[in-house]
J.: 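Handing you a structure now.
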Amino acid sequence: MPESPLSMPEDPLFAPLTFTLDPPVTPGLRDGIMELWVDVTNAGGAVGFVPPVTPEDVRPELVRQFVAMEEQRSRLLVGFDEEGRVAATAFLTLNTHRLMTHWLWLYTVMVHPRHQGKGYGRGLLAAAERAARTLPGIEAIRLTCRGGLGLERFYGSCGYKEVGRVPGAIRVAPGDERDDVVMLLPLT
């Protein structure tokens, strides 16, 4: 990983957020990501948990992400708001399978609920695309999303194409199964 963060070029449409790839992991950043993850989940966001959650619930998954970053298997993209707080994040995770190193996964795409409806999700996805284009050999971004929330429409409006769907693969609660939707954004 680079020793210093890579600031993403400013996009005038999303100027209120400043995106940084691979920011230094400080206690403030760690706590900001954890707070974001908890708040997004508790507001109903589909980011790997079912509400309600606490920081203690999220911490082990965040630690796993930090370990992947330390092992250079994952990159962290953070959007900071005008006050310098963590407002959005995504993890760009490289494939380790030798036949699939030409694309990466986009995981845990989050925008804080206080910023919903401002276009920051589009800004985050645009910054993730710009970041992926800086990585050697990456030709596509792949992500999955939970069906039933309209997320596939949102990602589709950002250029992603639905390329697969596993019916009922995500069990949110007994009797509440959702489709696991696979989306792809070609970069070439």
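All values below were derived from every heavy atom in this structure, side-chain atoms included, with hydrogens, water molecules and symmetry-related copies excluded. Computed from a predicted structure; not experimentally measured.
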J.: When rounded to the nearest 0.5 angstrom, what is the spacing between CD in Glu152 and OH in Tyr160?
T.: 14.5 Å

J.: From Arg171 CZ over to Glu177 CD, what is the distance, rounded to the nearest 0.5 angstrom?
T.: 4.0 Å

J.: With sequence neighbours excluded, tell me which residues meet salt bridge (Lys or Arg N to Asp or Glu O under 4.0 Å) with Arg146.
T.: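 By the salt bridge (Lys or Arg N to Asp or Glu O under 4.0 Å) rule, Arg146 matches no residue at all.
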
J.: Applying side-chain contact (heavy atoms from CB on, under 4.5 Å), run through Thr20 and Phe80 and close with a yes or a no.
T.: CA-CA 8 Å; Thr20 304; Phe80 296 95; 3.9 Å; yes

J.: Could you state the interatomic distance from CD (Gln65) to CZ (Phe91), rounded to the nearest 0.5 Å?
T.: 4.5 Å

J.: Testing the basics here: between Gly121 and Phe154, what is the closest heavy-atom pair and its distance to 0.1 Å?
T.: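 Heavy-atom minimum between the residues: C-CZ, 3.7 Å.
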
J.: Is Val86 reachable from Phe66 through a run of I, L, V, M, F, W or Y residues, each pair having side-chain heavy atoms under 4.5 Å apart?
T.: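 Same hydrophobic cluster.
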
J.: Compare all side-chain heavy atoms of Arg75 with those of Leu135 and state whether any distance is below 4.5 angstrom.
T.: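 Heavy-atom side-chain distance check passes, below 4.5 Å.
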
J.: With a 4.5 Å cut-off on side-chain heavy atoms, are Thr93 and Leu104 touching?
T.: no

J.: Answer yes if Val63 and Leu29 sit in the same cluster of Ile, Leu, Val, Met, Phe, Trp and Tyr residues linked by side chain heavy atoms under 4.5 Å apart, and no otherwise.
T.: no

J.: Heavy-atom distance under 4.5 Å between the side chains of Tyr155 and Lys161, does that happen here?
T.: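 No - every pair of side-chain heavy atoms lies 4.5 Å or more apart.
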
J.: Is the shortest heavy-atom distance from the side chain of Thr108 to the side chain of Met110 under 4.5 Å?
T.: yes

J.: Any side-chain heavy-atom pair from Ile138 and Leu187 closer than 4.5 angstrom?
T.: yes

J.: Can you find a heavy atom in the side chain of Arg114 that is under 4.5 Å from one in the side chain of Asp81?
T.: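 With C-beta onward as the side chain, the pair touches.
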
J.: Assigning hydrophobic clusters by single linkage (Ile, Leu, Val, Met, Phe, Trp, Tyr; side-chain heavy-atom cutoff under 4.5 Å), is Val58 placed with Met69?
T.: yes

J.: List, one per line, each side-chain donor-acceptor pair under 3.5 Å for residues 31-50, sequence neighbours excluded.
T.:
unit_1 : atom_1 : unit_2 : atom_2 : d
Trp37  : NE1    : Val47  : O      : 2.9
Asp39  : OD2    : His112 : NE2    : 2.8
Thr41  : OG1    : Trp37  : O      : 2.8
Asn42  : OD1    : Val53  : N      : 2.8
Asn42  : ND2    : Val38  : O      : 3.4
Asn42  : ND2    : Val53  : O      : 3.0

J.: Hey, what do you get for SG (Cys158) to CD1 (Ile141), rounding to the nearest 0.5 Å?
T.: 11.0 Å

J.: Answer whether the closest heavy-atom distance between the side chains of Leu124 and Phe19 falls below 4.5 Å.
T.: yes

J.: So which heavy atom on Leu185 is nearest to which on Gly159, and how close?
T.: CD1-O, 3.3 Å

J.: Please examine the side chains of Leu77 and Leu92, heavy atoms only from C-beta on, and report whether any two atoms are closer than 4.5 Å.
T.: yes

J.: Would you give the length of the straight line joining atom OG1 of Thr96 to atom CG of Leu94, rounded to the nearest 0.5 angstrom?
T.: 9.0 Å

J.: Run through the side-chain heavy atoms of Ile, Leu, Val, Met, Phe, Trp and Tyr, join any pair under 4.5 Å, and report what else lands in Leu184's cluster.
T.: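 Leu184 shares its hydrophobic cluster with Val163, Val182.
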
J.: Minimum heavy-atom separation for Gly168 and Asp179, please, with both atom names.
T.: N-OD1, 3.1 Å

J.: Are Leu149 and Val172 connected into the same hydrophobic cluster when the rule is that any two of I, L, V, M, F, W, Y join if their side-chain heavy atoms are below 4.5 Å apart?
T.: no

J.: Can you tell me how far the CE atom of Met183 sits from the CZ atom of Arg165, to the nearest 0.5 Å?
T.: 9.0 Å

J.: Thinking salt bridges, do Arg178 and Asp180 make one under a 4.0 Å N-O criterion?
T.: no

J.: Arg122 and Ser157: side-chain donor and acceptor closer than 3.5 Å?
T.: yes

